[in-house]
Colleague: 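I have a structure here, written as structure tokens, and I will follow up with some questions on it.
From a predicted model like this one, the values you see are computed outputs, not experimental measurements. Residue numbers begin at 1 in each chain, while the letters A, B, ... track the order of the sequences.
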Amino acid sequence: METFQSQLTRKLSEALAAAGFPPGGEVSPATDPRFGDYQSNTALILGKKRGENPRKIAEAIVANLAVAEIFERPSVAGAGFINFTLKREAVEKKIAELLRDERLGVEKVSSPRKIVVDFGSPNVAKPMHVGHIRSTFLGDALARIAQFLGHDVIRDNHIGDWGTQFGMVIWGWKNLLDLESLKRDPVAELVRIYKATNERGTKEEAVREAARAELVKLQAGDPENYSIWKQCVDLSMQEFSKAYELLDIHYDIVRGESFYNDRLPAVVDRLLKSGLAEMSEGAVCVFFRDIPELADKPCIIRKRDGGYNYATTDLATMDYRINDLKANAIWYVVGAPQILHFKQIFAIARREGYVADFHHVSFGSILGADRKLMKTRSGENVPLQDLIEEGMTRARAIIAEKNPELVESERNEIAKVIGIGAIKYADLSQYRMTDYIFSWDKMLSLHGNTAPYLQNAYVRIRSIFRKAGAVSLPQAPVLGEPAEFNLAKRLCQFAEIVPQVLNDFRPNILANYLFELANSFHTFYEACPVLKADEPVRASRLALCDLTGRVLQRGLKLLGIDVPEKM
RNA sequence: GCGCCCGUAGCUCAGCCGGAUAGAGCAACGGAUUUCUAAUCCGUCGGUCGGGUGUUCGAGUCACCCCGGGCGCGCCA
């Protein structure tokens, strides 16, 4: 189903051709309701290019526009803008179509791609914490949206399961492990033995040495150490899975760093052989002498001691994704501090001749109320588990206060949906590059651009339908009231907004749209009684409610957020 | 020293490819409720878009230079 915007863009291009101009031209939503619903500045651009009067060009375009079925007569305004105002009948017809459309008007892309989305990537033997949530939520939302648009998406959890920390973890396992604690809270015990070993290592040279030796043994394939390592990975994955279950995050594959171990030497050999890499001070490096920005920032792919590092693993990973998984796009949802790293990796990949659409989807940090990186009072990363629990607890308290009739099981389920939704939405509704200040009060507020506000709009709709009894939705609604017309036009925009998210990886565009939709709905709700209205208005309004509910539900789901039936 | 990101209302933030008089929410103030969930809605107040120069018919948006904050820069990931 074509959107108004793409229909208009097509018509505009035809009009340009008919008027003797090169086809093309862009249409955007009107910047102000006074200018109608859509606008085009094509005449201004053409006027500039040809040195002609833009208003005259605009008149010529308008004379050739065949859009009478959808729009009122286009008007030329200002310096040469062409303004378009939707006809009521056109919107009524479109709503009728949307009511029957499972996809709510969103078309699938014409050329789907195979996209690996690399997000989350927690470290084994450490708890997931606040630092993981942006990557996890952002990556999950982008994957959901890409999938909905028809792409072939592979969600890959590139877990940190092969760091140098395993020397200490293994030494701690052999010397300090408390089996009871391990059974009770595995990751906590792994953290404890790691910390304890680290502490002793700072004082005792022998411990430091022993830990290093354990690491060497692990890397050499020692069966005992391998078995310990494997248990650490398994225990950690079990814990991650619990959190993912709660958060409704799902991966297609989990290829941690260890997966690429035996592929690392080949990466270095290949780069040395091709001359892209060279020896420097004992290490193998790639230099970027012809790229000014990277000229003085070489990338080490094999350390002087012969060990491999992050860059080597990422190069092997890219090779695997492109040659084995046959991906033609890779999205790395990783924080902004690693911008330089990915510039290097992508530069190397391009030189090697890999063709794929690489993107580092970077993002800013989550700050505490003090505007510094969010930490616990003792200065540690806030565990994800604690964050989720607090979100649910706070949501439960608010629900208990606002809606005491709910039974406890209902209340707990709703608290989960609202608490987790609030945390996710707070993240996704913000432009990803900006650092944001984490605030429970703001994200759980029923006012403003928050998950509970959107969820509440949905709940109001469900409440109407519970009272309405059996309804049959009409073929075409009547949009007599301004609030109805506005809401309907907003509903038509969903299909225009969703694909835009992937232009620059901005789920906040979708969040923003949903907020405006909820706003339009609430205005409609105040102005237009639904159940008390006479037919056919009643049925028409029920149809608007139904469609609004479905768009809200679908839109939030694309952000990874659920909706409750009551709250 | 080099590089990247950010700087928009008192606070928290939107403003993608340059478009018309820069928008929300919170806070403040004033209204609306015999309710389909007021968990809401309507209105008022609030701005040298960090500063400057330039490109353009047109700059919050692009270029360059400053200022402020954050982050990163061969052997961590």
Colleague: Please figure out whether A:E257 or A:K402 has its closest RNA chain B nucleotide nearer the 5' end.
Modeller: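 The residue closer to the strand's 5' end, by nearest nucleotide, is A:K402.
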Colleague: Show me, pair by pair, the donor-acceptor contacts under 3.5 angstrom made by side chains of residues 529-538 of chain A, not counting sequence neighbours?
Modeller:
{"unit_1": "A:E535", "atom_1": "OE1", "unit_2": "A:A539", "atom_2": "N", "d": "3.0"}
{"unit_1": "A:R538", "atom_1": "NE", "unit_2": "A:L531", "atom_2": "O", "d": "3.1"}

Colleague: Taking only the side-chain heavy atoms of A:T434 (C-beta and beyond), determine which of B:C36, B:C13, B:C41 contains the nearest atom.
Modeller: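 The listed nucleotide nearest to A:T434's side chain is B:C13.
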Colleague: Which of the following nucleotides, B:C41, B:C75, B:C36, is nearest to the side chain of A:I464?
Modeller: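 The answer is B:C36, which lies nearest to the side chain.
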Colleague: Roughly how many Å is it from CG in A:N508 to C1' in B:G15, rounded to a whole number?
Modeller: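 Between C1' of B:G15 and CG of A:N508: 10 Å.
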Colleague: Hey, does the side chain of A:K303 come within less than 4.0 Å of B:C76's phosphate (OP1/OP2), counting only N and O?
Modeller: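 Affirmative; the distance criterion is met.
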Colleague: Could you measure between the two P atoms, the one in B:A27 and the one in B:C41, and give it in whole Å?
Modeller: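 These two P atoms come out 13 Å apart once rounded.
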Colleague: For the pair made of CE in A:M433 and P in B:C13, what is the distance, rounded to whole Å?
Modeller: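 Distance, rounded to whole Å: 14 Å.
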Colleague: Does A:K297 contact B:C2 through a side-chain donor or acceptor facing the base, at a distance under 3.5 Å?
Modeller: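 It does, because a donor-acceptor pair links the side chain of A:K297 to the base of B:C2 below 3.5 Å.
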Colleague: Send over the distance from A:R371 CZ to B:C6 C1', rounded to a whole Å.
Modeller: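 Atom-to-atom, A:R371 to B:C6, this comes out as 11 Å.
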Colleague: Begin from the C-alpha positions of A:T3 and A:S6 and carry the test side-chain hydrogen bond (donor to acceptor under 3.5 Å, both in side chains) through to its verdict.
Modeller: CA-CA 5 Å; A:T3 62; A:S6 64; 3.1 Å; yes
Colleague: What nucleotide, of B:U40, B:C73, B:A77, holds the atom closest to the side chain of A:L340?
Modeller: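 Per side-chain heavy atoms of A:L340, the pick is B:C73.
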Colleague: Let me know the distance between OH of A:Y436 and C1' of B:C6, rounded to the nearest Å.
Modeller: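 My rounded result for the distance is 16 Å.
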Colleague: Is A:K566 touching bases, backbone alone, or none of the nucleic acid, heavy atoms closer than 4.0 Å?
Modeller: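 Here A:K566 touches the bases of the nucleic acid.
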Colleague: Sticking with atom C1', work out how far B:U8 lies from B:G50, rounded to a whole angstrom.
Modeller: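 Per the computed distance, 10 Å lies between those C1' atoms.
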Colleague: Rounded to whole Å, how long is the line connecting atom CG of A:L215 with atom P of B:C76?
Modeller: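 Value for this atom pair: 12 Å.
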Colleague: Assess A:R263 against A:Y260: is NZ or CZ under 6.0 Å from the centre of the six-membered ring, and within 45 degrees of the ring's axis?
Modeller: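 That pair does not qualify as a cation-pi contact.
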Colleague: Determine the interatomic distance between C1' on B:U56 and the same-named atom on B:C11; round to the nearest Å.
Modeller: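 Rounded to whole Å, the distance is 36 Å.
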Colleague: Anything under 3.5 Å between a donor and an acceptor, one on a side chain of residues 363-375 of chain A, the other on a protein residue two or more places apart or in another chain? List them.
Modeller:
{"unit_1": "A:D370", "atom_1": "OD1", "unit_2": "A:K372", "atom_2": "N", "d": "3.0"}
{"unit_1": "A:K375", "atom_1": "NZ", "unit_2": "A:N381", "atom_2": "OD1", "d": "3.1"}

Colleague: Look at all strands and tell whether A:A336 reaches a base, only sugar-phosphate, or nothing, counting heavy atoms closer than 4.0 Å.
Modeller: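 Result for A:A336 = nothing.
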Colleague: Whole-Å distance between B:C42 P and A:E526 CD?
Modeller: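 The answer, rounded to whole Å, is 8 Å.
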Colleague: According to a strict under-4.0 Å criterion, is A:T450 in side-chain N/O contact with OP1 or OP2 of B:A39?
Modeller: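 Answer is no, no contact under 4.0 Å.
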Colleague: Taking the side chain as every heavy atom from C-beta outward, state whether A:D314 and A:H158 have any atom pair closer than 4.5 Å.
Modeller: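 A:D314 reaches A:H158 side chain to side chain.
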Colleague: Using atom C1' in both nucleotides, what's the gap between B:G25 and B:U40 to the nearest angstrom?
Modeller: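 So the two C1' atoms sit 15 Å from each other.
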Colleague: Given the P atoms of B:C62 and B:G47, what is the spacing between them in whole Å?
Modeller: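 Their P atoms lie roughly 25 Å apart.
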Colleague: Which part of the nucleic acid, if any, lies within contact of A:P337, taking any heavy atom under 4.0 Å across all strands shown: a base, the sugar-phosphate backbone alone, or nothing?
Modeller: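 The answer is sugar-phosphate, as A:P337 gets under 4.0 Å only of primed atoms, P, OP1 or OP2.
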Colleague: Are side-chain heavy atoms of A:R462 and A:Y458 found at a separation under 4.5 Å?
Modeller: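 Answer yes - side chains close enough.
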Colleague: What distance, rounded to whole Å, do you find between the two P atoms, one in B:G60 and one in B:G52?
Modeller: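 My reading of the P atoms in B:G60 and B:G52 gives 12 Å.
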Colleague: Please confirm whether the shortest side-chain N or O distance from A:T164 to OP1 or OP2 of B:A77 is below 4.0 Å.
Modeller: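 So the side-chain polar atoms of A:T164 never come under 4.0 Å of the phosphate oxygens OP1 or OP2 of B:A77.
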Colleague: Between A:V530 and A:I437, which has a closest nucleotide on RNA chain B that is more 5'?
Modeller: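 First, find each residue's nearest nucleotide; the 5'-ward one identifies A:I437.
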Colleague: Taking atom types as modelled, find out whether A:Q455 and A:Y425 have a side-chain donor-acceptor pair closer than 3.5 angstrom.
Modeller: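 No.
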Colleague: What is the nucleic acid contact for A:D435, judged by heavy atoms within less than 4.0 Å: base, sugar-phosphate only, or nothing?
Modeller: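 A:D435: backbone/sugar contact only, no base atoms under 4.0 Å.
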Colleague: If the sugar-phosphate is the primed atoms plus P, OP1 and OP2 and the base is the rest, what is the B/S/- string for nucleotides 16-27 of chain B, using protein heavy atoms under 4.0 Å?
Modeller: BBBBBB--SSS-
Colleague: Output yes when at least one side-chain N/O atom of A:Y453 is less than 4.0 Å from OP1 or OP2 of B:C41, else no.
Modeller: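 Yes, within the criterion.
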Colleague: Contact class for A:S280 vs. all strands (heavy atom < 4.0 Å): base, sugar-phosphate, or nothing?
Modeller: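 If one applies the 4.0 Å heavy-atom cut-off, A:S280 turns out to touch a base.
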Colleague: Might you work through the side-chain hydrogen bond (donor to acceptor under 3.5 Å, both in side chains) test for A:Y308 and A:E257, ending with a clear yes or no?
Modeller: CA-CA 11 Å; A:Y308 303 99; A:E257 291 162 354; over 6 Å; no
Colleague: Heavy atoms only: give me the nearest A:A336-A:M433 pair and the separation to one decimal.
Modeller: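 Scanning both residues, the minimum pair turns out to be CB-CE, 4.2 Å.
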Colleague: For RNA chain B, report each stem as range with range, ordered by first number, or say none. Use Watson-Crick or G-U wobble pairs under 3.5 Å, at least 3 in a row.
Modeller: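 So the stems come out as B:1-7 with B:67-73, B:10-13 with B:23-26, B:28-32 with B:40-44, B:50-54 with B:62-66.
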Colleague: It should be established whether A:K467 places a side-chain nitrogen or oxygen under 4.0 Å from OP1 or OP2 of nucleotide B:C36.
Modeller: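 No.
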Colleague: For atom P, what is the distance between B:C42 and B:U55, given to the nearest Å?
Modeller: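 That atom pair is separated by 45 Å.
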Colleague: Heavy atoms under 4.0 Å, any strand shown: does A:Q338 hit a base, just sugar-phosphate, or nothing?
Modeller: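 Base contact.
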Colleague: With sequence neighbours left out, write down each residue that passes side-chain contact (heavy atoms from CB on, under 4.5 Å) with A:L340, or none if nothing qualifies.
Modeller: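 If we apply the side-chain contact (heavy atoms from CB on, under 4.5 Å) test to A:L340, skipping adjacent residues, the hits are A:L294, A:K297, A:Q344.
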Colleague: Return the value, rounded to whole Å, for the distance between atom CD of A:Q344 and atom P of B:A77.
Modeller: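 Result: 14 Å.
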Colleague: Tell me the interatomic distance from A:R432, atom CZ, to B:A14, atom P, rounded to whole angstroms.
Modeller: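 Whole-Å distance recorded here is 12 Å.
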Colleague: If only atom types and distance count, is the side chain of A:R432 paired as donor or acceptor with the main-chain N or O of A:F505 below 3.5 Å?
Modeller: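 Between the backbone of A:F505 and the side chain of A:R432 there is a qualifying donor-acceptor contact (under 3.5 Å).
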Colleague: Enumerate donor-acceptor pairs with a distance under 3.5 Å from any side-chain N or O in residues 51-60 of chain A to protein atoms, sequence neighbours excluded.
Modeller:
{"unit_1": "A:N53", "atom_1": "OD1", "unit_2": "A:R55", "atom_2": "N", "d": "2.9"}
{"unit_1": "A:R55", "atom_1": "NH1", "unit_2": "A:G78", "atom_2": "O", "d": "2.7"}

Colleague: In whole Å, measure the gap between the P atoms of B:C65 and B:A9 for me.
Modeller: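 Going atom to atom, P in each nucleotide, I get 26 Å.
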